[in-house]
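Please read the structure below before turning to the comments.
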Number of protein chains: 2
Amino acid sequence: MPVISRGARGRLPLYTQLKERIWEMVEQGQLKPGDQLPSERELCERYNISRMTCRQALSDLVNEGLLYRMQGRGTFVASPKVTQGLLGLTGFTEDMLSRGLIPETLVLSVEVVPASNKVAAFLELAIGERVVRLVRLRLASGQPMCLEQCHLPENLAPGLEKRRDLSGSLYKILSAHYGLHMVKAHETLEAVAAREREAEALEVATGSPLLLLERVTRGADGRAMEYVRSFYRGDRYRFQTELVRHEGE
Amino acid sequence: MPVISRGARGRLPLYTQLKERIWEMVEQGQLKPGDQLPSERELCERYNISRMTCRQALSDLVNEGLLYRMQGRGTFVASPKVTQGLLGLTGFTEDMLSRGLIPETLVLSVEVVPASNKVAAFLELAIGERVVRLVRLRLASGQPMCLEQCHLPENLAPGLEKRRDLSGSLYKILSAHYGLHMVKAHETLEAVAAREREAEALEVATGSPLLLLERVTRGADGRAMEYVRSFYRGDRYRFQTELVRHEGE
DNA sequence: GTGCCATACTGGTATAGACAACTGGACCCC
DNA sequence: GGGGTCCAGTTGTCTATACCAGTATGGCAC
């Protein structure tokens, strides 16, 4: 039984560890929507933490929409939001699999660099802060599909650039090893002509139409955790989305 | 000088009072985006509250997007969100207005034709059923932006092809005169090269990258009411969307 | 039964203090 | 100049405690 650990070097804050445990329990179905959590005082005792620390974890989770509280009654697991219509937030791997294609990835480069003006703006960092830049070529059933340049704040995922499994789903890594769960993203799409760099990687002629997808992914706390620029081959990729009428329009 | 008050019956919590004061200061322009707030300890002293109370106010405001914090540096006023009102199901007219552009429309042709294979499939009609086909060139602030080909089942909007106001918002007409309210839509986007037809209308070179947006709009009863193919100039148009994570993924 | 109240739970607010982690600038050494 | 170290100031984490406020329950008086 993984107990909340203290004192170890490089350990995560106690409230973060508690948040992780509760996330896990919900994800694994040990806690279902509507279920009541142990009371704050009971959690304190069980994990040997103070009430304020416990409350910080719970308050965060309430803000993130995982839980809700009722004064005098208790803390409960919230129902998943009804985000009807919108397509799910998925990475390349899941996207390709859902289209019946086999995703593969070539890691072209990974390094820690200071954030450029643009990257800093998207990730809401100060210019020059350290970010991990990961460039990957993504294949679908053996064919080049997408050239992807991904930026993450280094402090959110320290040591990411040294990992050996960067050819898999980045979101899986972030979730499993860094406790970062993507919750929402803002995307823009535009049509651009392939420059030499992209054309070469994607094996098309320069000037060919590409779909440029830019995404800022946010985690449960609303912090920007990733900024991606992906160049998709225009002849192979089609983006889909559902739109819903907003109220009051 | 409105001081934070304590002890009065029915008073608001101290952290709530502090939150309101900061909101006011931002709204009245005493604090502008990017400005640094007094440090937490200074706020404590100034308002005679404890640091945890002060932090609760600031944390709330961070969650609400009014402020952001940087460890070791300070707390700052955030920039207002720019991403409001981009989403939602809107037509070209609303879309352009929300971007600060002036929409104009040239009706290139309107006629009643039998549904082709493809159109019938999208609109869920039998092949050969009568549909209204409307081709329009849409301008934004005087510049060609989008070539749009729109199909509707004739029986949903009889006489539409005879109307004189087809250069306005189609959705307004459908809503006002035919009782058709769009509720949701499925869209696909891809990057294509401009053929001669599109290039000429949009005043770009053939082969230029265009964003091809295809939309099937559905009404309140779930019936497909419209199928549109729009070719947007790649250099002028950028599509935006929000993605939300589905539960259980 | 009906109504009320005491009680024992829940989360909500608030305090004072400690130490850790991080930033940026001053300062010194080479 | 370049490269350190040190320091003051900032937010981040955490403790221990106290009392307030809302909710459910059960028992008592009527």
Side-chain angles (χ1 to χ4, degrees), chain A residues 4-20 22 34-63 66-78 114-115 120 124-130 153-156 158 179 221 223, chain B residues 4-20 22 34-63 66-78:
Chain A
I4 284 184
S5 71
R6 45 210 317 149
R9 264 177 312 136
R11 86 187 200 295
L12 291 169
L14 299 181
Y15 76 90
T16 304
Q17 295 181 55
L18 178 54
K19 280 174 65 177
E20 278 304 305
I22 295 175
D35 283 359
Q36 181 165 10
L37 268 74
S39 76
E40 296 178 351
R41 290 174 175 85
E42 190 174 335
L43 286 172
C44 302
E45 207 171 318
R46 183 178 306 180
Y47 295 111
N48 193 29
I49 56 180
S50 82
R51 179 145 175 253
M52 289 302 278
T53 303
C54 172
R55 273 184 71 77
Q56 178 161 8
L58 296 184
S59 298
D60 278 10
L61 293 174
V62 167
N63 273 318
L66 187 71
L67 308 177
Y68 62 94
R69 294 199 265 217
M70 299 177 78
Q71 179 170 162
R73 301 215 19 221
T75 306
F76 307 84
V77 178
E124 293 160 6
L125 302 173
I127 295 172
E129 268 194 77
R130 292 160 65 83
E154 194 204 15
N155 59 19
L156 280 188
D221 55 1
R223 286 179 63 185
Chain B
I4 284 183
S5 70
R6 43 209 320 146
R9 263 178 311 134
R11 87 187 200 294
L12 289 170
L14 298 182
Y15 75 91
T16 303
Q17 295 181 56
L18 178 54
K19 280 174 65 177
E20 284 180 359
I22 294 175
D35 282 0
Q36 181 166 11
L37 268 73
S39 75
E40 296 178 351
R41 289 184 170 81
E42 191 174 336
L43 286 172
C44 301
E45 208 171 316
R46 184 179 306 179
Y47 296 112
N48 192 30
I49 56 180
S50 80
R51 180 146 173 252
M52 290 301 277
T53 303
C54 172
R55 273 185 72 76
Q56 177 160 10
L58 296 184
S59 298
D60 278 10
L61 293 174
V62 168
N63 272 319
L66 185 72
L67 309 177
Y68 63 94
R69 295 199 263 216
M70 298 178 82
Q71 178 169 161
R73 299 202 34 210
T75 306
F76 306 85
V77 179

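Below, read A as the first sequence line, B as the second, and so on, with proteins coming before strands; counting in each chain starts at 1. Computed from a prediction, not measured in an experiment: that's the story for all the values here.
With a 6.0 Å radius and a threshold of 12 heavy atoms from other residues, nucleotides or ligands, B:E45 has its CD atom at or below the threshold.
The side chain of A:T53 places an N or O atom within less than 4.0 Å of a non-bridging phosphate oxygen (OP1 or OP2) of D:dT15. A close approach under 4.0 Å does occur between a side-chain nitrogen or oxygen of A:Y15 and OP1 or OP2 of D:dT13. The phosphate of C:dA14 has neither OP1 nor OP2 within less than 4.0 Å of any side-chain N or O from B:Q56.
Comparing A:L37 and A:M52, the nucleotide of DNA chain C nearest to each residue sits closer to the 5' end for A:L37.
The side chain of B:R41 lies closest to D:dT10, out of C:dT15, D:dT10, D:dT15. Counting only heavy atoms from C-beta on, B:T75 has its side chain closest to D:dT11 among D:dT11, C:dG11, D:dT15. Nearest nucleotide to the B:S50 side chain, out of C:dT15, D:dG12, D:dC14: C:dT15. Residue B:P13 places its side chain closer to C:dT13 than to any other of C:dT10, D:dG12, C:dT13.
Considering only heavy atoms from C-beta on, A:N155 comes within 4.5 Å of A:E129 through its side chain.
Between the side chain of A:Q36 and the main chain of A:R73, a donor-acceptor pair closer than 3.5 Å is present.
Across B:L37 and B:F76, no two heavy atoms sit closer than the pair CD1-C, 4.2 Å.
Side-chain N/O atoms of A:R51 and base N/O atoms of C:dG12 include a donor-acceptor pair closer than 3.5 Å.
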- Contact pattern, 5' to 3', of nucleotides 4-9 of chain D - B, S or - by protein heavy atom under 4.0 Å: -----B
